[in-house]
Protein chains: 2
Amino acid sequence: MVGIDDVARRAGVSTATVSRALSGRGHVAAATRERVEEAAAELGYVVSASASSLATGRMRNIGVVVPFLNRWFYTSVLEGAQRRLMQYGYDLTLYNLSGASNERSTVFEQFLLRQRVDAVIAVSLELSAEEVDSLHALGKPLVGVGGPIRGVPTVSIDDVGVTRLATEHLLSLGHTVIGHIGGDVDAEMSFHMPTNRRHGWEDALREAGLEPRPELYFPAVFTMESGYVAAKQMLGDPRLRPTAVVVASDEMAIGVILAARDMGLDVPRDLSVVGIDDHELAPFFGLTTVAQFPEQQGERAVELLMRELDQSREDEPANLQLPFELIVRSSTSRPRPEREPRD
Amino acid sequence: MVGIDDVARRAGVSTATVSRALSGRGHVAAATRERVEEAAAELGYVVSASASSLATGRMRNIGVVVPFLNRWFYTSVLEGAQRRLMQYGYDLTLYNLSGASNERSTVFEQFLLRQRVDAVIAVSLELSAEEVDSLHALGKPLVGVGGPIRGVPTVSIDDVGVTRLATEHLLSLGHTVIGHIGGDVDAEMSFHMPTNRRHGWEDALREAGLEPRPELYFPAVFTMESGYVAAKQMLGDPRLRPTAVVVASDEMAIGVILAARDMGLDVPRDLSVVGIDDHELAPFFGLTTVAQFPEQQGERAVELLMRELDQSREDEPANLQLPFELIVRSSTSRPRPEREPRD
DNA sequence: CACGCCGCCGCAAGCGCTTCCATTCCCCGC
DNA sequence: GCGGGGAATGGAAGCGCTTGCGGCGGCGTG
């Protein structure tokens, strides 16, 4: 294994100079640096991460904790975070909580605290105060993605704003009976997100002078199938007859479209549906949706972290609200006049 | 930061004994071990990964390289690998090649070779001889998942067997005009997988005494939309009139079902479709499919790696063929008699 | 009873870097 | 011409563990 002093010998300098030349820290004459770099390249030298970490106290590695892996949102923020981390020269080590029952505590006690990472990004995870504290006690910065964590900088979107926008879109098309299929509050580990999204629907309705009807809200988990089932219920109830529905995720929304189709309803003529996410399948299904940009969220989380790691300054925990955007496709239109009794 | 000698002092032993007690290596009296463990717990001591790595030369960290993240197969093997690695006390650091243009070389030169991992798992990646060699030169074991790599132990499924099984299922139902929608050989970075799957279709047909008709094969990339498009072509051609189709992935197969529906065809009455994967959406669409078990593939890959790391013995590179299994749902049935001209 | 073996433990030498401090040398300004 | 300051480099002390080696008892065996 070629080490730093092999390089030093070959370049005719001291190990101290090699270290400075290769890391870019400290003053090294240009000619010397060149010589060192050549020698290193010729020998195929790469610094030993562990030795370097031991000496500096920095691992150049950050931990990302996700509750699931098999979901578009998580893999997307992962992708964004990975890309940005790589640009900073950092590794990403992945912790997935969806495995065995007790993996959550294992992750925290055995891995995150094991001095293997400089910081952690928690994606859509509600961390307990102890979990946050134990991380902070080790001096490890922590940032959240997808929902606020007490006393921790977070990047997320405005969950009420997002459904409000979706609902306003429907309202502006002339819909007045608008349903909502949202996350089941208890079924998901992700904060108050489902509740917030429901509030956005209610707020928009109220602002338009319509009282949201509780029976037009259907809970579901964030899967296509669950959206399908909820839609069947909603559309099967003759007392409801919504002309449009805002759905808290694209996957569920696609389930809704499929359900409508199976019931002989035309989307958007008989039912307008708008989702949230801009999932990769949304264009295929012509789904109108409010795009959030999870990759960007991952990137911003990394940037936040890097700032904390570099300056080690105590800025106020800046909670970043990221933009979202309505994307109109073919699943929304004006309501069919004949289905609307004249008022 | 509490270090090993804090623990040693508190337990009234030497640092050597603490190290041995906590790591389980070497002989330590049971009473002593207990005392050390108590002291460590009270102080909240965790070993410094970098110091430990520097001393032992092991990082307890393995790198997993994937070409994409947003695909069911990859996240599934990732999930399996992660779970098993955690059981072994290893970290998983993730490298995703789908980012910027030159990330592939960056990953190899800057990260994998940076002594940050003990070994690497390459998922569905065709590594060049140089890439393999540079890893081996560093003494880093390497195992592949999802396709063979020259001189590297690999876990995968029998790609020809899998489509053969799918085709035989259709044959046994009485179908004789069976199309195939498969991966485009050039579009994917994943070996000869598409070609092998095509061969399985051809082989099964030939064994049944039917000559595979090239015009019944349609290339596609592995997405729902691409499957949809291919199906529209296949089903729109009046000269073809297949009664069944074997599709190289479930996502594509779902696209096929959707296309059939849009063309007014009933699945399975007018068209039987069988996919490959057992994707999470397959049950929802009633898709008959040949299940592969990517999580299991991830787990086995880890086990292979651990064996290589522990024994450091030169077994022959055992190429593991993992099982697959036909799962019959509602997208396949006997062909409609009236559509089959009597022969 | 004596010898030897073995289990248990401490000492101290690294592991391969980074960085503080000291040293040398050169350039500049007075 | 001389002193001061800064740039360039080397020496060496760690960073916090692991582990080979050796000492010291206790126990089994001849």
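Naming convention: chains lettered A, B, ... in sequence-line order (proteins, then strands); numbering from 1 in each chain.
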Please list all pairs passing the side chain to side chain donor-acceptor pair (under 3.5 Å) test where one or both residues lie in residues 294-304 of chain B, with sequence neighbours left out. B:Arg83-B:Glu295, B:Arg83-B:Glu299, B:Arg84-B:Glu303, B:Gln292-B:Gln297, B:Arg300-B:Glu303
Roughly how many Å is it from CZ in B:Arg116 to C1' in C:dC17, rounded to a whole number? 14 Å
What is the per-nucleotide protein-contact pattern of nucleotides 10-18 of chain D, from the 5' end, where B denotes a base atom under 4.0 Å from a protein heavy atom, S denotes such proximity for sugar-phosphate atoms only, and - denotes neither? BB--BBBBS
I need the NE2-P distance between A:His27 and C:dT19, as an integer number of Å. 14 Å
From CA spacing to verdict: side chain to side chain contact (heavy atoms under 4.5 Å, CB included), B:Leu78, A:Asn96: CA-CA 9 Å; B:Leu78 217 47; A:Asn96 173 21; over 6 Å; no
Output the rounded distance in Å from CZ (A:Arg58) to P (C:dC17). 19 Å
Donor-acceptor check, side chain of B:Arg35 to backbone of B:Val13, threshold 3.5 angstrom: yes or no? no
Taking the side chain as every heavy atom from C-beta outward, state whether B:Asp118 and B:Tyr90 have any pair of such atoms under 4.5 Å apart. yes
Hey, can you pull the donor-acceptor pairs under 3.5 Å for the side chains in residues 36-54 of chain B, sequence neighbours left out?
unit_1  : atom_1 : unit_2  : atom_2 : d
B:Glu42 : OE1    : B:Arg10 : NE     : 2.7
B:Glu42 : OE1    : B:Arg10 : NH2    : 2.7
B:Ser48 : OG     : B:Ser50 : OG     : 3.3
B:Ser48 : OG     : B:Ala51 : N      : 3.1
B:Ser53 : OG     : B:Ala49 : O      : 2.9
B:Ser53 : OG     : B:Arg58 : O      : 3.0

Send over the distance from A:Arg35 CZ to D:dA8 P, rounded to a whole Å. 13 Å
Output the rounded distance in Å from CZ (B:Arg9) to C1' (C:dG10). 15 Å
Do the side-chain N and O atoms of A:Asp5 and A:Thr15 include a donor-acceptor pair separated by under 3.5 angstrom? no
